[in-house]
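Along the sequence shown, residues are numbered consecutively beginning with 1. Whatever order the structure lists ligands and atoms in, that order sets their numbers, starting from 1.
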Amino acid sequence: MDPRSEVLLRQADLFQGDLLLAGLPADDLLAQLPTAHGWSWHAGEQHTLLTRFGERSHFGTQAPERAFSAAVLFLPKSRELTAYLLQALAARLGGGLLYLVGEKRAGIERAAKQLAVYGKPRKLDSARHCQLWQVSIDQAPAVPDLDALAQRYELQLADGPLQVLSLPGVFSHGRLDRGSALLLEHLDGLPGGHLLDFGCGAGVLGAVLKRRYPDSCVSLLDVDAFAAASSRLTLAANGLEGEVICADGIAAAPSELTAILSNPPFHQGVHTHYQASEDLLRQAREHLNKGGELRLVANSFLTYPPLIEIHLGPCRTLGKADGFSIYSARRG
Ligand SMILES: C[S@@+](CC[C@H](N)C(=O)[O-])C[C@H]1O[C@@H](n2cnc3c(N)ncnc32)[C@H](O)[C@@H]1O
């Protein structure tokens, strides 16, 4: 059981009735709180919740339509995303209670100050390295306009400017990551056909790919609903077509790809997490045509080349700068 869930269950009597658990972990909490519903934006966790709890778990960037009289937000990593989610929940809770739970090392003490917009926050519990806070929503705010919270920046490319839009909580929100910038300098000679941007975030790599290889079909995949929504905004802002898939890991990617391009994930929440990247290196072969290429950027200290060579084929280093390397391997 996630320690944040354990903290809620220490006062389970508070969490009966029409409760919404936003950003909940994929553990046993919905079984322990049988009248509660969940709201997830992580496709992997949603898959687990859906399998166990069916329609009791809602997925997406917007709060579920159904009514709820109290809500708990599991603190996400980003301050901007926390602000959006608190407002989205408070907007539906006039006269109700809004709770915030999170780990101390994730910054719950600081985040609790964000509750003060809605009333006077009260700390209810501190245990398992977590804290639980509560605020009573006397006056519900307006429902936030998520698209209006997108940050936009412009990239100057050889073939003209490209607009990039990112929603709160999305990787490298409002700016281009240095690793991604290096990968964008190494896009020559990809085998055209069906290209995938794995872990697409705001969709910058996928959008540039579509501009560079207009006759190719481009798919963009990310586990996070806010990233998938950002990618759709980025494609639309540039009049580009692409298939956006919100799913967990390379296993959910199309097959018969001619190339996979990625700045793969290496953090998840406050925990370092390489599983999705290792799965990408191990399973890329199953999604690539013969001769298909995996091209990625990674921190040079990550020992990816041996894994790539075991699972795909000889690995070339196409470039190196600022502690990042560009690796390329083709399926033999
Ligand atoms: C380093 S970021 C790169 C984002 C974007 N491609 C860029 O260059 O700005 C990695 C992305 O992988 C996504 N990700 C993390 N775990 C994933 C998984 N299991 N399946 C698919 N995407 C995942 C994250 O949400 C994040 O957007």
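Of the inter-residue distances, the one linking I250 atom CD1 with R285 atom CZ reads 13.5 Å to the nearest 0.5 angstrom. If you take CG on L49 and NE2 on H37, they are separated by 12.5 Å, rounding to the nearest 0.5 Å. Note: L167 CG to W41 CH2 = 13.5 Å, rounded to the nearest 0.5 Å. Rounding to the nearest 0.5 angstrom, the gap separating the CD atom in Q131 from the NZ atom in K104 is 6.0 Å.
For ligand 1, none of its N or O atoms has an N or O atom of D224 under 3.5 Å away. Distances between N or O atoms of V204 and those of ligand 1 include no value under 3.5 Å. Considering backbone and side-chain N/O of D222, one or more are found under 3.5 Å from N/O of ligand 1. Backbone and side-chain nitrogen or oxygen atoms of V223 are examined, and one is located within less than 3.5 angstrom of a nitrogen or oxygen of ligand 1.
Atom numbering of ligand 1 starts at 1 in the shown order; those under 4.0 Å from a heavy atom of G199 are 3 (C), 4 (C), 5 (C), 6 (N), 10 (C), 11 (C), 12 (O), 13 (C), 22 (N). Counting the atoms of ligand 1 from 1 in the order shown, those under 4.0 Å from a heavy atom of L221 are 21 (C). Within the listing of ligand 1, atoms 1 (C) sit less than 4.0 angstrom from a heavy atom of P264. Residue A247 has at least one heavy-atom neighbour below 4.0 Å for each of these atoms of ligand 1: 20 (N), 21 (C). In summary, the atoms of ligand 1 found under 4.0 Å from a heavy atom of S180, numbered by their order in the structure, are 7 (C), 8 (O), 9 (O). Annotation for ligand 1: atoms under 4.0 Å from non-hydrogen atoms of L205 are 6 (N), 8 (O).
Side-chain N or O atoms of D177 include none that pairs as donor or acceptor with a backbone N or O of S172 at under 3.5 Å.
Residues satisfying the ring pair (Phe, Tyr, Trp, His ring centres under 6.0 Å) criterion with Y99, sequence neighbours excluded, are F15. Considering only residues two or more places apart in sequence or on other chains, E65 meets the side-chain contact (heavy atoms from CB on, under 4.5 Å) condition with none of them.
The residue S262 has no part lying near ligand 1, judged by heavy-atom distances below 4.0 Å. Contacts between A43 and ligand 1, counted as non-hydrogen atom pairs separated by less than 4.0 Å, are absent for every part of the residue. With a heavy-atom cut-off of 4.0 Å, A202 does not touch ligand 1 at all. Here P265 has heavy atoms under 4.0 Å from ligand 1 in both its backbone and its side chain.
Note on ligand 1: D177 sits outside its first shell, no heavy atom being nearer than 4.0 Å. Put simply, part of G249 is less than 4.0 Å from ligand 1, judged by heavy atoms. Within the 4.0 Å heavy-atom cutoff, G206 does not count among the residues contacting ligand 1. Distances shorter than 4.0 angstrom do not occur between any heavy atom of G179 and any atom of ligand 1. Look at G44 and you'll find every heavy atom at least 4.0 Å from all atoms of ligand 1.
For R52, the CZ atom sits in a packed shell: over 12 heavy atoms of surrounding residues, nucleotides or ligands are nearer than 6.0 Å.
Side-chain N/O atoms of D27 and S5 include a donor and acceptor closer than 3.5 Å. A donor-acceptor contact closer than 3.5 angstrom links the side chains of H173 and S166.
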Before giving the answer on side chain to side chain donor-acceptor pair (under 3.5 Å), spell out for E293 and S328 the whole-Å C-alpha distance, their side-chain angles and the decisive distance to 0.1 Å. CA-CA 7 Å; E293 179 175 343; S328 158; 2.8 Å; yes
Would R10 and E6 count as a salt bridge (charged side-chain N to carboxylate O under 4.0 Å, His left out) here? Give the steps. CA-CA 6 Å; R10 278 159 60 95; E6 287 176 348; over 6 Å; no
